[in-house]
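Working notes for the structure below.
Below, each value reflects all heavy atoms present in this structure, side chains not excepted, and no hydrogens, waters or symmetry copies.
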Amino acid sequence: MGELTDDLCRCLEAAQCDAALAARATCACEEGRLREAKRVLLSQRQQLLDDVHSKQRSIDEIDHVLHRMGRVDAPPVARPAAQPTAPQGARGGEGADHV
């Protein structure tokens, strides 16, 4: 299990797993207790996922406030002036050329 143990150690280090938990997983792997090692990995994975979700909520809150600030600071949207419409019959229908 040497290669698997090495991979496990690298994985847990990259996942910033604490030393005690990493030692427990490594020992379990070396002794062939893969279920225990998997439990450690799954626990660390869940912790990382919880951290990601927490960070995402923070990003979403910042985006929301930035969006609101953008609406406050943005100049009002200039709408084109409405073109006056001529009343019907005054557009030069029959006899408009005859004066």
Side-chain angles (χ1 to χ4, degrees):
M1 300 248 168
E3 189 177 316
L4 181 58
T5 303
D6 292 342
D7 286 348
L8 177 63
C9 289
R10 277 192 299 276
C11 173
L12 292 172
E13 184 179 321
Q16 301 173 353
C17 189
D18 68 53
L21 205 56
R24 187 175 128 213
T26 302
C27 182
C29 187
E30 287 173 346
E31 294 175 0
R33 294 179 286 123
L34 295 182
R35 279 188 175 179
E36 185 176 349
K38 285 171 77 172
R39 267 196 301 273
V40 171
L41 284 173
L42 289 170
S43 173
Q44 185 63 20
R45 181 184 187 281
Q46 186 61 52
Q47 179 61 47
L48 291 171
L49 193 56
D50 290 345
D51 292 348
V52 166
H53 290 155
S54 174
K55 298 291 184 189
Q56 183 63 51
R57 278 191 296 277
S58 296
I59 290 169
D60 290 345
E61 288 178 24
I62 289 171
D63 287 347
H64 175 72
V65 171
L66 286 171
H67 176 73
R68 289 186 62 207
M69 286 177 168
R71 286 190 298 170
V72 171
D73 288 345
V77 177
R79 295 184 181 174
Q83 297 291 336
T85 56
Q88 280 201 331
R91 295 171 48 194
E94 279 183 27
D97 291 336
H98 308 333
V99 175

To the nearest 0.5 Å, how far apart are [atom1] in [X] and [atom2] in [Y]?
X	Y	atom1	atom2	answer
Glu13	Leu8	CD	CG	11.5 Å
Arg24	Glu36	CZ	CD	5.0 Å
Gln46	Leu42	CD	CG	9.0 Å
Leu21	Leu12	CG	CG	7.0 Å
Lys38	Ser43	NZ	OG	15.0 Å
Cys11	Leu4	SG	CG	10.0 Å

CD (Gln16) with more than 12 external heavy atoms under 6.0 Å:
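No, because the 6.0 Å sphere around CD of Gln16 holds 12 heavy atoms or fewer from other groups.
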
Side-chain contact test, heavy atoms from C-beta onward, threshold under 4.5 Å: evaluate it for Cys27 versus Arg33 and give yes or no.
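SC-SC contact between Cys27 and Arg33 confirmed.
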
According to the salt bridge (charged side-chain N to carboxylate O under 4.0 Å, His left out) rule, which pairs have a member within residues 39-63, sequence neighbours left out?
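Sorted result for residues 39-63: empty, none.
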
Which atom names give the shortest non-hydrogen contact between Ala28 and Ala37, and what distance separates them?
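What the structure gives for the nearest pair is CB-N, 4.0 Å.
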
Mark yes or no for whether Gln44, through its side chain, and Ala15, through its backbone, hold a donor-acceptor pair below 3.5 Å.
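Yes, the answer is positive, given that a donor and an acceptor are paired below the 3.5 Å cut-off.
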
